[in-house]
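Worksheet for the structure shown next.
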Amino acid sequence: MEASPQTTEPTPAEPTPDTRPDLLGLSLPRMAATLAPVLDRPFRAAQIYEAIHRRGVLDFAAMTDLPKAMRDGLAAGFRLGRLAVTERRVSADGTAKVLYRLPDGATIEAVDIPDRDRRTFCVSSQAGCALACSFCVTGYWGAGRNLTAGEIVAQVLGLRRDGGLVIGDGLNLVFMGMGEPLHNLENLKDAIDLLAETISLRRITVSTVGVVPGIAAMATWERRPNLAVSLHAPDDALRSRIMPINRTYPLRELFAALDRYPLEKGRRITYEYILIQGVNDAPRQADQLAKLLAGRKAKVNLIPVNPDPVLGAAMVPPADAVVQAFQERLYRHGLTATVRRRRGDDVAAACGQLRAFGRDPRGFRVNPAAR
Ligand code: SAH
């Protein structure tokens, strides 16, 4: 399959403000409370909730089990915040990257990654990112805004529909798109509470750079997803250099929080480790990494760095043999380590490449002169 950009909608000069409340991010009790004034009977809220989240209906007119007058009333007062697809690109390996335009003009990306009989959706939690990791293109563009719970849920519903996936199919969901999920904790929680009704929590993973208060908060959640931590360096000096967040939450504090994160039986925390040639790929760094994770319920996911013109010349992936040697060295220390295959990189959908197809993801609020 050829990479196929499909432009489905021109970018307008200004967003149209829509002040109707969005129902997509609302739990059933909240939806019932919000809709109470327009519903004739209390069970209607459950009917609408089921239509949206179990059947994927994103249009009041299509909720034909409701009386016509009620559908019209709902459409007048509320919206189902489906996202406008600005562009959808399908990679030669089947990975589909979708660019969504949000009502305020911000743009975000979500990725649908097929893998034999499995499917992984990778969604964004913020439009932009404040963390400025040296190897990440999203961070290069700078801080954006938090997505609402509805905007997070809408990505999943949109990918599901565009990808022809019915509810109940084996689906993995990873919060590894644009943004830092733990900088948007409340909306992340609301979205996960909702999504966990149709996707098993065991198949939902939140990836973080290691925002310690966020990890501590998640540890208290009733519905806890899997945790992945972007580690990328085995010592504070190097980690602080490539990930500024480490200056705020150094490794000792990070691991103290991770060690308190409750894990179900057989579960482990995933440590993502980008491999950058000459920076963090030496055998002694594999040894250091193994030492750091020794005795912890951990698995390592090695990711050869995806280069990008905006990142400069230093972001070079090591040769395959070096990646393999690093992996084998971890094995020898008794660590489980996998190497993440590159997916969708011909349409810039690979890890760290999400940047709204080369646009500034932050939307109309940003004054370009201030950059
Ligand atoms: N902010 C969270 C969620 C984003 S996950 C986090 O960083 O964990 C995106 C993953 O892709 C992270 O592990 C990130 O470190 C990784 N990544 C960023 N830039 C990359 C690049 N150029 N090549 C490969 N992986 C990259």
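Indexing begins at 1, ligand by ligand and atom by atom, following the structure's order.
Counting atoms of ligand 1 from 1 in the listed order, those under 4.0 Å from a heavy atom of Asn306 are 21 (C), 22 (N), 23 (N), 24 (C). Every atom of ligand 1 is numbered from 1 in the order shown, and the set under 4.0 Å from a heavy atom of Thr208 is 6 (C), 8 (O). Below 4.0 Å from some heavy atom of Ile303 lie the following atoms of ligand 1, by number and element: 24 (C), 25 (N). Against a heavy-atom cut-off of under 4.0 Å, Gly177 is close to the following atoms of ligand 1: 4 (C).
Taking a 4.0 Å cut-off on heavy atoms, Gly179 registers as neighbouring ligand 1. Heavy-atom distances between Pro307 and ligand 1 stay at or above 4.0 Å for every pair.
Ion pairing between Asp190 and Arg30 holds under the 4.0 Å rule for side-chain N and carboxylate O. A salt bridge is absent between Arg55 and Glu50; no separation between the charged side-chain nitrogens and carboxylate oxygens falls under 4.0 Å. Ion pairing between Asp93 and Arg341 fails under the 4.0 Å rule for side-chain N and carboxylate O. Between Lys68 and Asp72 there is a salt bridge, since at least one side-chain N of the basic residue sits less than 4.0 Å from a carboxylate O of the acidic one.
Proximity of the aromatic rings of Tyr273 and Phe326 is defined here by a centroid distance below 6.0 angstrom, and this criterion is met.
Of all the listed residues (Ser230, Ala130, Cys129, Ser134), Ser230 holds the heavy atom that lies closest to atom 8 (O) of ligand 1.
Contacts of Glu180 with ligand 1, taken as heavy-atom pairs under 4.0 Å, involve both backbone and side chain. At a heavy-atom cutoff of 4.0 Å, ligand 1 is contacted by both the backbone and the side chain of Val209.
In this structure, CG on Asn187 lies 11.0 Å from CD1 on Ile192, to the nearest 0.5 angstrom.
Side-chain atoms of Thr336 and Arg268 include a donor-acceptor pair closer than 3.5 Å. Counting only N and O atoms by type, the side chains of Asn301 and Thr338 include a donor and acceptor under 3.5 Å apart.
Considering backbone and side-chain atoms together, His232 places an N or O closer than 3.5 Å to an N or O of ligand 1. In terms of N/O distances under 3.5 Å, ligand 1 is not approached by Leu311.
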